[in-house]
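Only one structure is covered here, and it is reproduced in the block below.
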Amino acid sequence: MRDANPQTIYLKDYTVPEYLIDSVELNFTLDDENTQVISRLTMRRNPASQSVGKSLTLSGENLKLLRVNLNDGDDLTAVDYQQTADSLVINEVPQDQRFVLTIENQINPKANTALEGLYLSNGMLCTQCEAEGFRKITYYLDRPDVMARFRTTIIADKNRYPVLLSNGNKIGHGELSENRHWVTWEDPFDKPCYLFALVAGQLHYVEGSFITQSGRNISLQIFVEPHDLDKCDHALQSLKNAMRWDEDVYGREYDLDLYMIVAVSHFNMGAMENKGLNVFNTKYVLARPDTATDSDYEHIEGVIGHEYFHNWTGNRITCRDWFQLSLKEGFTVFRDQEFTGDRTSKAVKRIEDVNMLRTRQFAEDAGPLAHPIRPDSYIEINNFYTLTVYEKGAEIVRMIHTLLGTEDFRKGSDLYFQRHDGQAVTCDDFVKAMEDANDVDLAQFRRWYSQAGTPVLKVQQHYEPTGQTLTLTIAQSCPPTPGQPIKEPLHIPVKVGLINRDGSTASCQLKGTDQASDELTLSVTEAEQSFTFEGLAQQPVVSLLRGFSAPVKLAMDYSLEELAFLLSHDSDTFNRWEAGQQLAGAIITGLIEDCQSGRDMRLDPIIVEAFRKVLEQPWDDLSYFSLLLDLPSETYLAEQMQVVDVEAIHKAWEFVKRTLAQQLQPQFQALYQTNHRDESGQFDAGAIGRRRIKNICLSYLSKLENVDIQSWAEQQFKTARNMTDQMAALATIVNNPHPAAKQCLVDFYQQWRDEALVIDKWFALQASSPMPGTFATVQALMTHDAFDLKNPNRVRSLIGAFSQANQLHFHAANGQGYQFLADQIIALNTINPQVASRMLSALTQWRRYDESRQALMRAQLERIMGTENISKDVYEVASKSLA
Ligand code: B3K
Ligand code: ZN
C-alpha cells in the first residue's frame, strides 16, 4: 500500500548494483499460512560499482524476519541491521572477500490475494516473481541485473503437496518424519530472481518429449489439476511446434533436459516464462474442442510459443533494468506473431495484430498514460506491461526486420545471442547488434525507443502525364504526449506498390535508380519528403503502407471508388483488407453524422456492391475471406472520432450490418449452408475457416430478426459439438432480440457449470451484450455464486468485458457504468492492486467523451484517488489520468 509519497523511479538514475550474488540456496518449509524460508546468499562487492560505504540494502515486503546471519558466525542482532517497510539494511558487510548471508523469514501464502510472491490458488501453492515479487518471498537484491545460480529445497506434507517443483533439474529427494518429503532442484543457469518459480500441490501431468537439432532428448511435462488432464494435448503439441520453430527460424535450441508448464486458475496475466518451469493461466493451456474455441486454440499456441521463446529472448539474455522491458517483450511478441503466422495464416495473423494495435495501443499512445516503448520513469513497474511495450515494441522490431530483410535480420539476431548470452542488457545493445552485424546505421531509428505517440503520415500524390511520373509527398508528424511536447522525425519504412486501372501491377521505379520492382520499401526520414516514380504511362492507384509496415496513422485521400478498387485488386493481403475497412469506415462515419443531425440513414450502394463482389468470389483462405466481411469494430470507429458518440456509432453500425444482411441475404444464406457441417472441432485450417465464414454469415443474418434464422441459431447452439460453433450461436442469440436468449443462457450454464473457463465466457458474453437491460444483468452477476473478485479471470470476464468491450452500456449517459466500475476498483485495490489498476483503463480515456460524460468519469477517478490505502498501482494510473 502507498506510503505518503509514492516514489518515481527514473531511467537516468540507473547505476550498477553495489553487490553481486553468485549463488543462492533456498529452503522452503511449506504451509498454507506459515511458510518458512531460509535463504543463503553467497555474495561479493561488485567491482564495477563506484559507490562507497559498507552497508548492504536488500529489498523485502510483507516478510516476518526471524534471523540474519553473516558468514555462519553468531546471528546478527537488531543493532547490526535495520528493517523498513520494504527493505533490510545490514550495516556492514565484508568488502574484500566473498561472504555468506543467511536470512530466515516467514510468509503467509493464503493471505496473499495480490497473487505476487508465493500464493495459494485452488489448493496449490505457486509463485509469480516478475517484476518485483521475489521480495515478497525473501530479502534479496531484487533487480534483473543481479544474476545468480539457484538451488532450491522444498519440504512439505506428502498428502497435501505430493508434487514439489522449482527451476532446473531435480537433483535429490527423500522422506522425512511426520509424513513429510523433500525435493531439491538446481538450475545450472544464472538468472535474475524474477525468473524463480516454485509450485507445490496435488498436480497431475501429461508428458511428451522433444529431440533437439543436436539430438538431445528433452522431457516435456504439463501439470494440471486431475480433471483437466484431458485438455492438455494441444498445449503439448504447441510446445513441440514452438521448439522446432525456434530451431528452424532462429537456430535456437533448448538448454535444459526438462521443460515444465503448470496451469493455475488464479493468475494476474497470461503466463510467466520462469526458467524451465513456466506458470500459466489455465486459459492458455486447457483446450478440448467442446470447451475451447478456435481462437482459444490459436491463443494457446501463441502464448506457449511466447513463453518458450523467452528462454532465449528474456532468460538467457535478460534486461538490465525494467525500463528495458521491451527488449525482451517486444522481440518475443514479434517472434510469437511470426510463429503463429507460420502455423496458421500470415495474412489473418497480421490483420488480427494490427486490429488490436490500432484499437487499443493507439488509444493508449494518444491518452494520458502514453509512454515510449522504453519508458523514462515509472512509479509501479507492473503498470508498464502495456500494449505499448509489448505490441508497439514488436512493431519496432518488425520494422528493423523490414528494413534489413529476413537474412540480415537473422545475422543481427545471431550476433545478439552470441554477444550477450548470459548477460542483462539494454534495448540499445539489441539495436547495436543489428547495426554491427550488417554495417548499417540505425541512429535515427533509435528514436522509436524514446519517443511516445503515434506518428501521422500525410500523403499527397501528383501524377504528371507528360513525364509519366507520379510523385508522393509524405509529411510525418506526431502529436505531443505527456512530457514530450516536441517530436523529432522518425525513420519510417513505408512499403508501397502501384496498381494499374485494369488491376495489373505497375512497376515501381524510383527516379534516378535503374531498378524496377513490384514493390518498394521507402525510407521516410525527414519531416517532409518526396518520392518520384517514373515510367508510368497511366496514373496508377497507390497501395501504401503495405503489410502495415510501420505503426502509424496514414492520412491519404482515397475516394470510395479507389477503396472499392483496392478491395478487389490489391495483391497485398493486408492492404486489400484495409481498403475494405476504410471503405466501411468512411460510410459508417457518414452515417454517424446523419444520425447525430437527425437525418435518415441511407446506405451507399458502393459498399453493397463491393461486398457482393467479395462474396461471389472463390476463396482458398476462408478465415481471410471472413475478415474481409467483418465491419470495423465500434471501438475502432470510436478511435477515429474527435468526440466519441457511442450511441450514434452503435446505431450506424447496426444499420450497416442489417442493411447489408437484407441486400445480400441469399449470398449469406448460401455461404452459411455450404459451410455448416456437424463438426466435432478439428483444429485444421480448413475446418477453422469453414466455422469462421459460417459464423460471420450467421452474425449478419441474425440482424434480420427472421424466425427461420433465429431457429438456425438455436439449432446450432443446441447441436454444436465444438465450442466455436456453440459460442458463436449463443452470441448471436444474446446480442440480438431472440426469444430464446434467457433459456439458452440457463442451459449453457447448466451444461458447463464445472468448466471454469467456459463459465468465464458465459460471464463475458452477457457483460458485453448491447441489448437493453445489460447493466442490470451485470449487477446481478456480481452476486452470482460463481463470481469471485479474488479470481482475475472472473474479474476480467465480467467487469473487464463490461467496461472494455461494451462501450454502449458502460458509457450510459447517467454515469451508472462509471460508478459501478469505480466501486469495483476500490474493492479490488485492497484485494489485488495489479488487477485493480488494469480495470482502470476504461476510465483513463475520459477526455475522448462529451463534457457531461467527462465530468462523470473525472468524478469517479477523483473518488478513486481518495481511497484509503490506495495502492501504488492504482494511484499511478488514476493520478496520471487526471493530470
Ligand atoms: N513476462 C510475463 C509478464 C509478467 C508481468 C508482471 N506484472 C509474461 C510474458 O510477457 O511473457
Ligand atoms: Zn513476454
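In listed order, ligands and their atoms are each counted from 1.
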Measure from NZ or CZ of R320 to the centre of the six-membered ring of Y14 and say whether it is under 6.0 Å with the direction within 45° of the ring axis.
yes
Run through all N or O atoms in ligand 1 and write down each protein N or O closer than 3.5 Å, as a pair with its distance.
| from | atom 1 | to | atom 2 | distance (Å) |
| --- | --- | --- | --- | --- |
| ligand 1 | 1 (N) | E130 | OE1 | 2.6 |
| ligand 1 | 1 (N) | E273 | OE1 | 2.8 |
| ligand 1 | 1 (N) | E273 | OE2 | 3.4 |
| ligand 1 | 1 (N) | K328 | NZ | 3.4 |
| ligand 1 | 1 (N) | E329 | OE2 | 3.1 |
| ligand 1 | 7 (N) | N382 | OD1 | 2.8 |
| ligand 1 | 7 (N) | Q834 | OE1 | 3.4 |
| ligand 1 | 10 (O) | H306 | NE2 | 3.4 |
| ligand 1 | 10 (O) | E329 | OE1 | 3.0 |
| ligand 1 | 10 (O) | E329 | OE2 | 3.0 |
| ligand 1 | 10 (O) | Y390 | OH | 2.5 |
| ligand 1 | 11 (O) | E273 | OE1 | 3.3 |
| ligand 1 | 11 (O) | H306 | NE2 | 3.1 |
| ligand 1 | 11 (O) | E307 | OE1 | 2.8 |
| ligand 1 | 11 (O) | E307 | OE2 | 2.9 |
| ligand 1 | 11 (O) | H310 | NE2 | 3.2 |

With the Zn ion (ligand 2) as the point of reference, which N/O/S atom of E329 is the closest?
OE1
Salt bridge between R244 and E247, side-chain N to carboxylate O under 4.0 Å?
yes
Taking atom types as modelled and ignoring hydrogens, do the side chains of T84 and D86 form a donor-acceptor contact shorter than 3.5 angstrom?
yes
Is the distance from the Zn ion (ligand 2) to the nearest N/O/S atom of E273 under 2.8 Å?
no
Do D428 and R374 meet the salt-bridge criterion of a basic N to acidic O distance under 4.0 Å?
no
Residues at least two apart in sequence or cross-chain that pass ring-ring contact (aromatic ring centres under 6.0 Å, His included) with H401, listed by chain then number, are F334, F409
Parallel, tilted or perpendicular, judged at 30° and 60°: which one describes the rings of H306 and Y390?
parallel
Establish, from distance only, whether the side-chain atoms of T113 and N832 form a donor-acceptor pair under 3.5 Å.
no
